[in-house]
Amino acid sequence: MVFTPESLPDMSGRVFIVTGGNAGLGFETAKALAFKNAKVYIGARSAPKAETAIATIQSTLPATTTASLHHLPIDHMDLSTIVTAAHTFLAAEPLLHGLILNAGIMCTPYQLSTNGHEAHWQTNYLAHFLLTALLLPTLQATAQRDDVPIGTVRIVEMTSAAYLWASGAGIAFEAIDLPRGKPFDRYVQSKLANILHIRELQARVGPKGSQPQRGEIWTAAVHPGLNDTGLAASYGASSLFGRTMIKLGFAAKPEKGAYGVILAAASNDFARSWSGCYIVPPAKKSTYYRQANDRNLQEKLWSWTEDELKRLGFLQ
Ligand SMILES: NC(=O)c1ccc[n+]([C@@H]2O[C@H](COP(=O)([O-])OP(=O)(O)OC[C@H]3O[C@@H](n4cnc5c(N)ncnc54)[C@H](OP(=O)(O)O)[C@@H]3O)[C@@H](O)[C@H]2O)c1
């Protein structure tokens, strides 16, 4: 049976963060969760965009809703805002049931962040790693509670089938910002890093053994397919192939493209045995290939990232 968000259970009392929740697939995800009465924090760099998104979602909710939506100011191009966002969230909320790492850019020109990293690498990957690290103790504490059913607490990370284009070892540790590569190469590397991150999280905090355990966090990496969003537009602007695919109508509507991430974040149809898996359209479990299966690479990238975030002063 094909998943649709209508089948989600009631989310009253559950708290989610959706990065990039002001637009595209993140917006649709926030909306679907709010429809089931969740409290949703929309990570967004622009207050007007976040407020417009919140007002738009609120205007569609039934009068009986108990959902609430909040803007969590975050600019992935400045890691200090990730730290501030985590502190702001933790000052307001003792629990976190779902962390949806969705914000992203694709095929934008080479640009360095405030912290000296290339825009794709930092926006799509590094900022999400830091946000996860700062919120992991709260996710774990939430998953330990007797009143939170096992499997409620989840981390879902947006990736892309573009990761299959990763060349060589997959991650260019010697030139991680790929200054000599093309924009697509930088997108590809960041999307492979999203998968390696989720797989290492799965190894560290995901389910172990056959018996469900209090405290376990369920994870997934999601490829949403080609969807008609701002990101696809910037891909289309940079590539004849992308432009042609969009023109020919191969891009899906974002409300459908978000089914996979919504399933992984909140559905009872997402089984414990699926934790750590790769979800593809239409919201079904698939298989990882190539460098995504390299266990050493998962560990190596995790330790490179921790060292780098310590060097930059954002992790202890
Ligand atoms: N659409 C597709 O076809 C497709 C295919 C494969 C994978 N994906 C993945 O799906 C995810 C969502 O993409 P989408 O298609 O929904 O794209 P989108 O409509 O362009 O939305 C991207 C979101 O990320 C936010 N963002 C970008 N840079 C940011 C920054 N520096 N700080 C904070 N937020 C930032 C954007 O905020 P602003 O509005 O402020 O820019 C926006 O909310 C991405 O991770 C992407 O890689 C999408």
Side-chain angles (χ1 to χ4, degrees), residues 17-31 41-54 56 71-82 84-85 100-108 111-115 117-128 130-131 156-165 183-184 186-195 197-198 221-239 241-243 245-246 249-262 264-265 278-281:
I17 296 176
V18 184
T19 67
N22 64 281
L25 303 170
F27 172 84
E28 296 298 336
T29 305
K31 186 173 161 188
Y41 283 82
I42 288 187
R45 58 183 159 179
S46 153
K49 282 189 188 178
E51 282 153 18
T52 302
I54 288 170
T56 307
H71 175 209
L72 189 61
I74 302 184
D75 183 350
H76 290 222
M77 289 292 275
D78 178 354
L79 293 175
S80 72
T81 72
I82 303 285
T84 306
I100 299 160
L101 306 168
N102 161 79
I105 54 170
M106 181 179 188
C107 295
T108 54
Q111 185 194 350
L112 291 180
S113 73
T114 310
N115 313 101
H117 277 292
E118 189 278 325
H120 290 82
W121 186 243
Q122 180 154 324
T123 303
N124 298 357
Y125 170 65
L126 211 46
H128 280 141
L130 178 59
L131 185 65
V156 180
E157 189 146 348
M158 281 300 220
T159 182
S160 165
Y163 89 85
L164 290 165
W165 273 263
F184 186 67
R186 296 190 270 269
Y187 180 70
V188 162
Q189 179 178 257
S190 72
K191 290 288 130 185
L192 174 62
N194 289 140
I195 294 178
H197 180 222
I198 216 73
V222 178
H223 164 59
L226 181 62
N227 294 276
D228 192 2
T229 64
L231 180 129
S234 70
Y235 174 47
S238 74
S239 128
F241 177 72
R243 207 157 42 246
M245 295 282 282
I246 294 163
F250 283 104
K253 292 279 169 239
E255 54 266 37
K256 277 219 161 164
Y259 281 11
V261 62
I262 297 165
Y278 181 51
I279 300 281
V280 301

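We count ligands from 1, going down the list as the structure has it; atoms in each ligand are counted the same way.
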Under a heavy-atom criterion of less than 4.0 Å, does A119 contact ligand 1?
no
Numbering the atoms of ligand 1 from 1, which are under 4.0 Å from a heavy atom of L226?
3 (O)
Checking contacts here: is it the side chain or the backbone of N194 that comes within 4.0 Å of ligand 1, counting heavy atoms only? Could be both or neither.
neither
Those atoms of ligand 1 less than 4.0 Å from some heavy atom in D75
30 (C), 31 (N), 32 (N)
Taking N or O atoms only and a 3.5 Å limit, does G21 qualify as a polar contact for ligand 1?
no
H223 and Y278 aromatic ring geometry - parallel, tilted or perpendicular at 30°/60° bounds
parallel
Hey, does M77 sit under 4.0 Å from ligand 1 if you only count heavy atoms?
yes
Just to be sure I read this right, does ligand 1 sit under 4.0 Å from the backbone of I74, its side chain, both, or neither, counting only heavy atoms?
backbone
Under 3.5 Å, N or O to N or O, is G26 touching ligand 1 that way?
no
What do you reckon, does S160 have a nitrogen or oxygen under 3.5 Å from a nitrogen or oxygen of ligand 1?
no
Given Q122, H76, R45, which has its nearest heavy atom closest to atom 28 (N) of ligand 1?
R45
Which part of M106 is near ligand 1, with near meaning a heavy atom under 4.0 Å away: side chain, backbone, both or neither?
neither
Is there a heavy atom of F27 sitting under 4.0 angstrom from any atom of ligand 1?
no
